Amino acid sequence: MNRHWLMKSEPDEASIDHLAQAPQQTLPWTGVRNYQARNFMRDAMRAGDGVLFYHSSCPQPGIAGLAQVVGDVRPDPTQFDAESPYFDPKSSRDAPRWLLRDVQLLRKTRLLSLAEMRAAPTLASLQVLQRGNRLSITPVTPAEWQAVLALLDA
DNA sequence: GCCAACGTTGGC
DNA sequence: GCCAACGTTGGC
């Protein structure tokens, strides 16, 4: 049984439309610079896992589409790029500190707004809704995934 | 821009 | 290992 995840992206940087227009409708999930989120990608994610694509830090935060993890975990190339905002001078190609996963669109959805998520009793346990949560990648239970699908169909 | 919450850093 | 200071996140 595949796992499920919620992954936050700032739409200015990588929106659901960017994902839809990318080759193979797939984007590398660059820029994760938090160890807990990195460890999820490294240790727990598998190809085929479901992804709730969440728009954050924007006028209308919420779930904008469904995606899946494809391929294997690999080094995030932006950590080696001195021109990138994600450059990490403490990392090296011999011992990359930061990793990424590739994410492929399953389908765009209507925007399931943060307000609607908060109002849904079936999503009360969702980690991203908990007070003080800041992780950009969080696990989603099968029940929560089904609850999101149900809300999207409603 | 504000602010709560959390993560990271670095001196000791 | 402690902990204060600082930086970041992200909704509002």
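Just so you know, these numbers come straight off a predicted model, no measurement behind them.
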Any donor-acceptor N or O pair under 3.5 Å, side chains A:Gln68, A:Gln104
yes
Using a cutoff of under 3.5 Å, can you pull out all pairs of nitrogen or oxygen atoms linking the protein to nucleotides 7-12 of chain C, with atom names and distances?
residue, atom, partner, partner atom, Å
C:dG7, N2, A:Arg134, NH1, 3.3
C:dT8, O2, A:Arg134, NH1, 2.3
C:dG10, OP1, A:Lys8, NZ, 2.5
C:dG10, OP1, A:Arg134, O, 3.1
C:dG11, OP1, A:Tyr54, OH, 2.9
C:dG11, OP2, A:Ser57, N, 2.9

For A:Glu144 and A:Ser125, does a side-chain donor sit closer than 3.5 Å to a side-chain acceptor?
yes
May I ask you to test the A:Leu27-A:Asp102 pair for a side-chain heavy-atom distance under 4.5 Å?
no
Distance-only polar pair, side chains of A:Ser91 and A:Gln79, donor-acceptor under 3.5 Å
yes
Will you find, in the side chains of A:Thr78 and A:Asp76, an N or O donor that is under 3.5 Å from an N or O acceptor?
yes
